[in-house]
Structure formats: structure tokens, C-alpha cells
Amino acid sequence: MTQPSPAPTPDPRPVRRAPARLRARLGLLVVGSVVLALAATVVVVDQVFARTQRRALEDLLARDLQRVQAVVRSGSLGEDFIGDGGDGVRLQFVSATGQVLLPVDAGEPIPLAEEAAVVAGARGRELVGAAPWVLPSGLEIGTVRVALDLSALEEAQRALRGALIVAGFGVAAFAGVVALVLLERALRPLGALSREASAIDPSAPRLAAYRGPD
């Protein structure tokens, strides 16, 4: 009579490695989630800052145009009112034919834009706008054009973006360390259970005791 062959002894190594694999997967999941959340935060904050600053500059541009129109209508416009753009603001009075009349020797006219728009030129990126040039008599002879330099705004955006990225890396590293520590503590009972299960003799099975959280 043939005796049944003994059941193969299970390899305990996968059982011992399971908690380590689980810990690594959960750690990667937590760190990946934190990194994605921080990346989304950086993008959202950057976009909100850019839109807020753009809206503020558009309001400033509209107020400047209204102020210039009011000065022109009052007939008190002087050469010292024009300025040369040294403060980041350029003002031009352009005829109906597209020739810059004021200031003299201003070079190329500011691009015509009835609504605020961003243009790139030799001076860099500028926010430009235009309004009718109306004399005190009510005669419209051209356009008043204003250009605001965007270099300071773009530099502030780059600085904010860099600070957010550096802070994001720091937060991600800290969150990763904390996550690994917490996972190690949470999975410690499973590790003990795994070691106890791997030490059980398959020929004499018994219940392994689990002592830990649910």
C-alpha cells in the first residue's frame, strides 16, 4: 500500500517579507500623495497670484488712462506730465495716422489695444492699453496709449514659485519621514505576527496570536 507523500513545507520567506513590502508600498503611496498635493498647491497658488496681480495692473492701467484723459480735457497737459518710462510706465500720444506726437523721439508707438493686453517687445513684456485722445474742444485726434512694465511682476512670480518649490520639497521630505515612522509603528504587530507564523511547524499547526490594533 503506497503511503501518501508528506505535504511540502511552505517557504516562510515570502511571509517574512510581506510586512516590509507592505510598508514600502504604503510609504510610497503616502509620499506620492503628499508630493502630488503639494505640486497642485504650487500650481494653484502661482496661478492665483498671477491673476490677482494681473487684475491689479489692469485696474491701474485703466485709472491711468482715465486720469490722462481728464488732464487732456482740462487743457493743463504739460511736457513734464509725459515722462520717459523710467518708473515702469510709458505714456504716448499717437495721432490718427499712427505717428507718436508726444513724447518727441519716442520711437515706435505702443501697440494699439482697446482692452488691456500683454505684448512682448524690445523693452520686454508690457501690459498695454489705449483710450481716445480728445482735445478740450471735443475733437478726437488720436489715441492715448499707456504701457506698464511687467518685469517686476514676473520677477515676483519667479521668486514666489521658487519659494513654494523649496518649501514643498521640505514638507514632502518631512511628511515622508513621519509617514515611515507611523507606518513602522502601525505595522509592527503585523511583523510580529508574520515572524510567529513563519516559526510554526507545518506538521504541528497552531493558532498564531495577534496582539495589536484592529
Side-chain angles (χ1 to χ4, degrees), residues 33-172:
S33 300
V34 172
V35 170
L36 288 177
L38 289 174
T41 301
V42 170
V43 172
V44 170
V45 171
D46 181 68
Q47 293 297 319
V48 170
F49 177 78
R51 291 177 182 177
T52 301
Q53 294 300 313
R54 170 71 179 271
R55 192 176 299 111
L57 285 178
E58 289 177 353
D59 292 341
L60 176 62
L61 184 68
R63 289 196 300 270
D64 284 346
L65 286 171
Q66 292 174 358
R67 183 168 62 92
V68 172
Q69 285 182 307
V71 172
V72 172
R73 289 193 186 96
S74 67
S76 59
L77 178 66
E79 182 67 24
D80 56 346
F81 182 81
I82 306 300
D84 58 359
D87 56 352
V89 181
R90 292 196 297 140
L91 174 63
Q92 292 179 354
F93 289 82
V94 184
S95 67
T97 60
Q99 180 183 0
V100 181
L101 301 181
L102 290 174
V104 181
D105 300 329
E108 293 294 325
I110 297 172
L112 178 61
E114 296 182 358
E115 296 183 357
V118 177
V119 298
R123 295 172 176 260
R125 286 165 54 84
E126 294 178 312
L127 182 67
V128 301
W133 179 9
V134 182
L135 297 178
S137 61
L139 178 64
E140 181 177 336
I141 61 174
T143 54
V144 179
R145 306 182 187 183
V146 176
L148 302 180
D149 185 12
L150 296 179
S151 58
L153 171 62
E154 293 174 346
E155 180 62 29
Q157 288 178 337
R158 286 191 293 268
L160 175 63
R161 193 178 300 119
L164 289 174
I165 291 174
V166 171
F169 276 118
V171 172

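This chain uses plain numbering: 1 for the first residue, then up along the sequence.
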A.B. asks: Does Ser33 have any side chain to side chain donor-acceptor pair (under 3.5 Å) partners at least two apart in sequence or in another chain, and if so, which?
C.D. replies: none
A.B. asks: Sequence neighbours left out, what pairs pass salt bridge (Lys or Arg N to Asp or Glu O under 4.0 Å) with at least one residue falling in residues 126-136?
C.D. replies: Arg90-Glu126
A.B. asks: Return the set of residues passing side-chain contact (heavy atoms from CB on, under 4.5 Å) with Asp46 (not counting sequence neighbours), or none when no residue passes.
C.D. replies: Arg161
A.B. asks: Using the side-chain contact (heavy atoms from CB on, under 4.5 Å) criterion, which residues pair with Val48? Sequence neighbours excluded.
C.D. replies: Val44, Thr52
A.B. asks: Please list, chain by chain and in numerical order, all residues satisfying side-chain contact (heavy atoms from CB on, under 4.5 Å) with Glu140, sequence neighbours excluded.
C.D. replies: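 With neighbours one apart ignored, the set is Pro132, Val134.
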A.B. asks: Below 3.5 Å, can you tabulate the donor-acceptor pairs from side chains in residues 58-65 to any protein atom, sequence neighbours excluded?
C.D. replies:
{"unit_1": "Glu58", "atom_1": "OE2", "unit_2": "Arg54", "atom_2": "NE", "d": "2.8"}
{"unit_1": "Glu58", "atom_1": "OE2", "unit_2": "Arg54", "atom_2": "NH2", "d": "3.4"}

A.B. asks: Which pair of heavy atoms, one from Gln92 and one from Pro109, lies closest together, and at what distance?
C.D. replies: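 For Gln92 and Pro109, the tightest heavy-atom pair comes out as OE1-CA, 3.2 Å.
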A.B. asks: If you look at every heavy atom in Gly168 and Leu38, which pair is closest and at what distance?
C.D. replies: O-CD1, 3.2 Å
A.B. asks: Do you know which two heavy atoms are closest between Gly107 and Val100, and how far apart they sit?
C.D. replies: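 Scanning both residues completely, I find the closest heavy atoms to be O-CG2, 3.8 Å.
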A.B. asks: Tell me, which pairs form a side chain to side chain donor-acceptor pair (under 3.5 Å) where one or both residues lie in residues 93-104, sequence neighbours left out?
C.D. replies: Ser95-Thr97
A.B. asks: What residues form a side chain to side chain donor-acceptor pair (under 3.5 Å) with Ser137, not counting sequence neighbours?
C.D. replies: none
A.B. asks: Tell me every residue that passes side-chain contact (heavy atoms from CB on, under 4.5 Å) with Leu153, counting only those two or more places apart in sequence or in another chain.
C.D. replies: Phe49, Gln53, Leu57, Leu150, Gln157
A.B. asks: What is the distance from atom CH2 of Trp133 to atom CD1 of Ile141, rounded to the nearest 0.5 Å?
C.D. replies: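 Reported to 0.5 Å precision, the distance equals 4.0 Å.
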A.B. asks: How close do Leu127 and Val118 get, heavy atom to heavy atom, and via which atoms?
C.D. replies: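 The answer is CD1-CG2, 3.9 Å.
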A.B. asks: Enumerate the residue pairs fulfilling salt bridge (Lys or Arg N to Asp or Glu O under 4.0 Å) with a member in residues 147-160, sequence neighbours excluded, ordered by first and then second residue.
C.D. replies: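 The answer is Arg125-Glu154, Glu155-Arg158.
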A.B. asks: Do Arg145 and Val128 come close enough that some side-chain heavy atom pair is under 4.5 Å?
C.D. replies: no
A.B. asks: Quick check: do Val146 and Val89 have side-chain heavy atoms less than 4.5 Å from each other?
C.D. replies: yes
